[in-house]
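Presented below is the structure to which this report refers.
Only heavy atoms go into these numbers, but all of them, side chains included; no hydrogens, no water, no symmetry mates. When a ligand or atom number is given, it counts from 1 through the structure's own listing order.
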Amino acid sequence: MRVCLVEDDLILGRSLQSALQDAGNEVVWIRRSVDARHWVSEEPFDALLLDLGLPDGNGMDVLRQLRAEGKRVPILVITARDSIEDRLNGLDMGADDYVLKPFITAELLARLRAVVRRSGQWLAESDGSKWVCKDLVLDERRMVLTRAGAPVGLSKTEFALLHTLMRYPDRVLTRRELEARALPHSDGQALDVHIFNLRKKIGDGYVRTVRGVGYVVET
Ligand code: CA
C-alpha cells in the first residue's frame with residue numbers, strides 16, 4: 001500500500017521508511033507539517049503515519065485539517081507525548097490509533113495494518129491484491145474483475161481506472177488524479193469515454209460522477 005510518513009527525525013524517519021519499504025509499501029516521507037497538509041490533501045494514500053512534534057507546527061493541526069476536509073485516510077499517530085490529554089485529543093480529532101515513542105518497529109507495522117484493515121480499504125485476509133466494492137472484486141495481481149462471481153472483461157485502461165477508484169473507496173478522485181494514474185497519455189476528453197465504457201460493462205451504481213471534480217466509487 002501507499003503510506004505517507006510524516007516524521008522530522010532523520011534517523012527514525014529513515015529507519016521507518018526502510019522498514020515500511022521492506023514490508024512492501026510505497027512510502028512518501030515528509031518532514032514538515034506544511035508539506036504533510038499539501039501531500040495528503042492532493043494525493044491519495046492508504047495510510048498516514050503522523051508524528052505530532054514537527055519543526056513547523058503540531059501534527060495535531062494536520063490531523064484536524066484532514067478530517068475537516070473529509071479525508072478518511074487511516075491515521076496512526078506516533079508521538080513521544082504520552083499524556084492522557086494528547087491521546088484523547090488525537091482520538092477526538094480522528095486519529096485511528098497511537099504508538100508511543102520509543103516503539104518496536106514490528107509493533108508499529110502491526111498497528112498500521114490493523115488501522116488500515118479496520119478502515120475497510122485493504123483486505124488483509126487476502127494476499128493483499130484484491131479490492132472489493134459491493135459485488136465487484138478486483139484482483140490486481142491476476143488483473144481480473146468479477147461481478148457477483150462472474151468475470152467482466154475490461155480493457156487495460158478501464159481496469160486501471162477502476163483499480164484506482166476501488167483502492168480509494170468513498171474518496172472523490174479528481175480528473176487530474178485519475179488521468180495521472182490510469183491514463184497518463186490521453187487528453188481530458190478520453191477519461192469520460194473510458195468511464196462511459198466501464199459503466200456499460202460493470203453496470204450503474206458503482207462509479208458516481210462528481211460534476212466538475214471527478215469520480216468516486218461508493219461502498
Ligand atoms: Ca518529531
Salt-bridge present (R176, E42; N to O < 4.0 Å) = yes

Under the side-chain contact (heavy atoms from CB on, under 4.5 Å) rule, what do L178 and R175 come out as? Steps first, then yes or no, please.
-> CA-CA 5 Å; L178 285 166; R175 303 180 60 87; 5.9 Å; no

Decide, yes or no, whether a salt bridge links R37 with D61 under the criterion of side-chain N to carboxylate O below 4.0 Å.
-> no

Kindly confirm whether the Ca ion (ligand 1) is within less than 3.0 Å of some N/O/S atom in G53?
-> yes

Can an N, O or S atom be found in D51 less than 3.0 Å away from the Ca ion (ligand 1)?
-> yes

How is the N/O/S atom of D8 that comes nearest to the Ca ion (ligand 1) named?
-> OD1

Could you tell me whether R2 and E43 make a salt bridge, using a distance below 4.0 angstrom between a side-chain N and a carboxylate O?
-> yes

